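Here the structure is a predicted model, which is why all the values come from computation and not from measurement.
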Amino acid sequence: EVQLQASGGGLVQAGKSLRLSCTTSGFAFNEYAIGWFRQAPGKEREGVSCIDGNGGTTVYVDSVKGRFTISKDLAKNTVYLQMNSLKPEDTAVYYCAADYSDYLIPVAHIYDYWGQGTLVTVSS
């Protein structure tokens, strides 16, 4: 079956970096867009970034642009989210998800498959 597993979260100080990983299996990795989403305490889930099937096109929301980088390793069926210059407002559970549609937008409702989240906590 389709599986996605997010990992790499932890507790970091503001200004530091983390790299999240999303390992996948059970689907044609190069035919699916992968998105990163996050949900902060008491808030709704929001999109962060997404990347197309072959890894050639990326999208970022304004709040992370210039700080976060999404990438795909096609050989490993793995997506990464490099997070630099972390801020306390980045604190959230981060999820990865897969989308088979022709769209490339970090909007949760279009994504077909979801993994379990990994917690990122950024201290002041």
Could you state whether [X] and [Y] fall into the same hydrophobic cluster, counting links through intermediate Ile, Leu, Val, Met, Phe, Trp or Tyr residues with side-chain heavy atoms under 4.5 angstrom apart?
X: Val2; Y: Tyr100; result: yes
X: Val12; Y: Val48; result: yes
X: Val93; Y: Val107; result: yes

Identify the two heavy atoms, one from [X] and one from [Y], that lie closest to each other, and give their separation to 0.1 Å.
X: Thr91; Y: Ala40; result: O-CB, 3.5 Å
X: Ala97; Y: Phe37; result: CB-CE1, 4.1 Å
X: Ile34; Y: Ala98; result: CD1-CB, 3.7 Å
X: Gln116; Y: Tyr95; result: C-CD2, 4.0 Å
X: Gly53; Y: Leu74; result: O-CD2, 3.8 Å
X: Trp36; Y: Leu20; result: CH2-CB, 3.7 Å

Connected-component partners of Leu104 among ILVMFWY, side-chain separation under 4.5 Å:
Val59

Could you go step by step and tell me if Phe29 and Val79 meet the side chain to side chain contact (heavy atoms under 4.5 Å, CB included) rule?
CA-CA 10 Å; Phe29 186 66; Val79 177; 3.6 Å; yes

Roughly how far, to the nearest 0.5 Å, is the [atom2] atom of [Y] from the [atom1] atom of [X]?
X: Leu81; Y: Cys22; atom1: CG; atom2: SG; result: 10.0 Å
X: Arg38; Y: Lys43; atom1: CZ; atom2: NZ; result: 8.5 Å
X: Leu18; Y: Leu86; atom1: CG; atom2: CG; result: 5.5 Å
X: Ser25; Y: Asn77; atom1: OG; atom2: CG; result: 8.0 Å
X: Leu4; Y: Tyr113; atom1: CG; atom2: OH; result: 10.0 Å

Please step through side chain to side chain contact (heavy atoms under 4.5 Å, CB included) for the pair Met83 and Val122, ending with a clear verdict.
CA-CA 11 Å; Met83 305 187 296; Val122 184; over 6 Å; no

Would Lys65 and Asp62 satisfy salt bridge (Lys or Arg N to Asp or Glu O under 4.0 Å), going step by step from the backbone distance to the final call?
CA-CA 5 Å; Lys65 193 170 298 182; Asp62 288 344; 3.6 Å; yes

Is there a side chain to side chain contact (heavy atoms under 4.5 Å, CB included) between Ile51 and Ser49? Walk through the geometry before answering.
CA-CA 7 Å; Ile51 188 166; Ser49 182; over 6 Å; no

Quick one: does Asp52's side chain have a donor or acceptor within less than 3.5 Å of a partner on Thr57's backbone?
yes

Can you say whether the rings of Phe27 and Tyr32 are parallel (under 30°), tilted (30 to 60°) or perpendicular (over 60°)?
perpendicular

Could you give all pairs that pass the side-chain hydrogen bond (donor to acceptor under 3.5 Å, both in side chains) test and reach residues 10-23, with sequence neighbours left out?
Ser17-Asn84

